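See below for the structure under consideration.
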Amino acid sequence: MPELPEVETTRRGIEPHLRGRRIERVILRDTRLRWPISPEVSELGGRRILGVARRAKYLLWQLDRGHLIWHLGMSGSMRVLPIGAPAENHEHVEMRLDNGQALKFRDPRRFGALLYTGDDPLQHRLIRTLGPEPLGDEFTAEYLHAHCRHRSAAIKNVLMNSHIVVGVGNIYASEALFQAGIRPGRAARRISRPGIARIVDSVRDTLARAIEHGGTTLQDFTQADGKPGYFRHELQVYGNREACRVCGHTIKQVVLGQRATWYCPECQS
DNA sequence: ATAATAACCTGAGGGC
DNA sequence: TGCCCTCAGGTTATTA
């Protein structure tokens with residue numbers, strides 16, 4: 001579910017409720033996530049939350065001592081609700097705060113993760129090797145061109161490779177390539193320099209617009225206040241079984257890297 | 001090094 | 001109604 005816009009939407013939603021608050025108690029209802037939640041997480045009562053940052057699709061909680069590293073996986077979401085609100089199904093983690101509110105993590109498929117580290121979270125083995133942020137200065141046409149030049153892989157798979165650029169998942173890869181006018185199955189090394197530049201612009205623009213709309217809700221995702229993300233209405237090709245909104249041609253669906261992929265055979269080459 | 005594939009897990013929806 | 005199948009926003013580990 002959550003790609004960069006959904007994770008950033010979550011960050012913006014929870015951060016004002018968490019910053020400066022003390023954790024009173026941690027309730028672990030199910031520790032069986034992607035990796036088991038370590039027992040030390042249940043002993044974080046008393047720590048203060050100094051801030052919530054994002055790197056790629058990870059949320060990084062800075063505590064007064066140590067850091068939490070969260071990943072929402074495919075179906076994870078976070079909400080802030082008053083202490084005492086009944087636990088929903090698949091609500092695996094609850095963090096009770098010192099202001100009567102609680103942060104609740106729900107993740108039906110349990111592909112998410114919650115890790116604690118006493119060290120710099122950016123040096124964690126899962127994070128250290130990641131590529132640049134797509135909305136940052138490092139992600140330029142020059143950079144992407146260098147990583148595409150010798151690759152035979154489909155450009156969509158390159159965009160979804162977190163060691164090249166982070167945050168682009170299955171929805172926004174299809175959407176950005178539609179906006180760039182490039183077919184998702186094109187070999188990365190066959191794309192012209194101007195095409196690469198259009199892709200960089202489109203990735204940035206698509207992600208930025210999705211953040212403005214609070215992300216995309218297909219099924220599970222909710223913002224911290226329970227509302228869905230509204231970018232679903234802006235999607236051009238993802239999940240579109242009908243006509244291209246630009247030219248009217250029928251949208252094609254193919255499978256690339258084990259993932260459903262959509263494109264317009266008229267608008268994209 | 002790069003590329004392709006299986007694996008992790010639950011729920012929703014379609015066909016019969 | 002119920003059973004069986006396929007598919008879903010991510011990522012890692014393993015294999016060619």
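So you know, we letter chains A, B, ... as the sequences are listed, proteins then strands, and number each from 1. Computed from a prediction, not measured in an experiment: that's the story for all the values here.
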Check: Is there ring stacking between Phe111(A) and dC8(B), where the centres must be under 5.5 angstrom apart and the planes under 30 degrees?
Finding: yes

Checklist line | Inter-nucleotide P distance (dA6(B), dT6(C)), Å rounded | finding: 14 Å

[X] has an atom [atom1]; how far is it from atom [atom2] of [N], in whole Å?
X	N	atom1	atom2	result
Arg149(A)	dA1(B)	CZ	P	17 Å
Asp107(A)	dT10(B)	CG	P	11 Å
Met74(A)	dT10(B)	CE	C1'	11 Å
Glu6(A)	dT11(C)	CD	P	12 Å
Trp262(A)	dA8(C)	CH2	C1'	9 Å

Checklist line | Close side-chain approach of Arg209(A) and Tyr172(A), heavy atoms under 4.5 Å | finding: no

Checklist line | Which residue lies more 5' along DNA chain C, comparing Lys57(A) with Ala260(A) via nearest heavy atoms | finding: Ala260(A)

Note to self: Using a heavy-atom cut-off of 4.0 Å across all strands, would you classify Phe231(A) as base, sugar-phosphate, or nothing?
What the structure shows: nothing

Notebook entry, point to check: So what does Tyr238(A) touch, heavy atoms closer than 4.0 Å: a base, only the sugar-phosphate, or nothing?
Noted result: sugar-phosphate

Produce the list of close N/O pairs, under 3.5 Å, pairing protein atoms with atoms of nucleotides 13-16 of chain C; give distances to one decimal.
from    : atom 1 : to        : atom 2 : distance (Å)
dA13(C) : OP1    : Arg125(A) : NH2    : 3.3

Checklist line | Check: Gln258(A) side chain, dA6(B) base, donor-acceptor under 3.5 Å | finding: yes

Next item on the list: Look at the side chain of Arg109(A) against the base of dA8(C) and say whether a donor-acceptor pair falls under 3.5 Å; ignore hydrogens and angles.
Entry: yes

Next item on the list: Convert the base pairs of DNA chain C into dot-bracket notation, remembering that pairs crossing earlier ones are written with [ ] and that bases paired across to another strand are shown as |; include only Watson-Crick or G-U pairs under 3.5 Å.
Entry: .|||||||.|||||||

Checklist line | Qualifying residue for side-chain contact (heavy atoms from CB on, under 4.5 Å) with Arg47(A), from Leu50(A), Ile49(A), Leu44(A) | finding: Leu44(A)

Mind listing the side-chain donor-acceptor pairs of residues 229-236 of chain A below 3.5 Å, one per line with the distance, residues two or more places apart or on another chain?
from      : atom 1 : to        : atom 2 : distance (Å)
Arg232(A) : NE     : Thr217(A) : O      : 3.3
Gln236(A) : NE2    : Glu234(A) : O      : 3.2

Notebook entry, point to check: Has Arg151(A) got a side-chain N or O lying under 4.0 Å from the OP1 or OP2 atom of dA3(B)?
Noted result: yes

Check: Is there a side-chain polar atom (N or O) of His150(A) under 4.0 Å from OP1 or OP2 of dT2(B)?
Finding: no

Set out, line by line, the N/O atom pairs under 3.5 Å between protein and nucleotides 11-14 of chain B.
from    : atom 1 : to       : atom 2 : distance (Å)
dG11(B) : OP1    : His90(A) : NE2    : 2.7

With a cut-off of 3.5 Å and sequence neighbours excluded, list every side-chain donor-acceptor pair involving residues 159-169 of chain A.
from      : atom 1 : to        : atom 2 : distance (Å)
Asn161(A) : OD1    : His163(A) : N      : 2.9
His163(A) : ND1    : Thr129(A) : O      : 3.0

Checklist line | Passing option when His71(A) is tested against Phe111(A), Tyr58(A), Phe105(A) for ring pair (Phe, Tyr, Trp, His ring centres under 6.0 Å) | finding: Tyr58(A)

Checklist line | For DNA chain C, the residues among residues 152-162 of chain A that have a non-hydrogen atom under 4.0 Å from it | finding: none

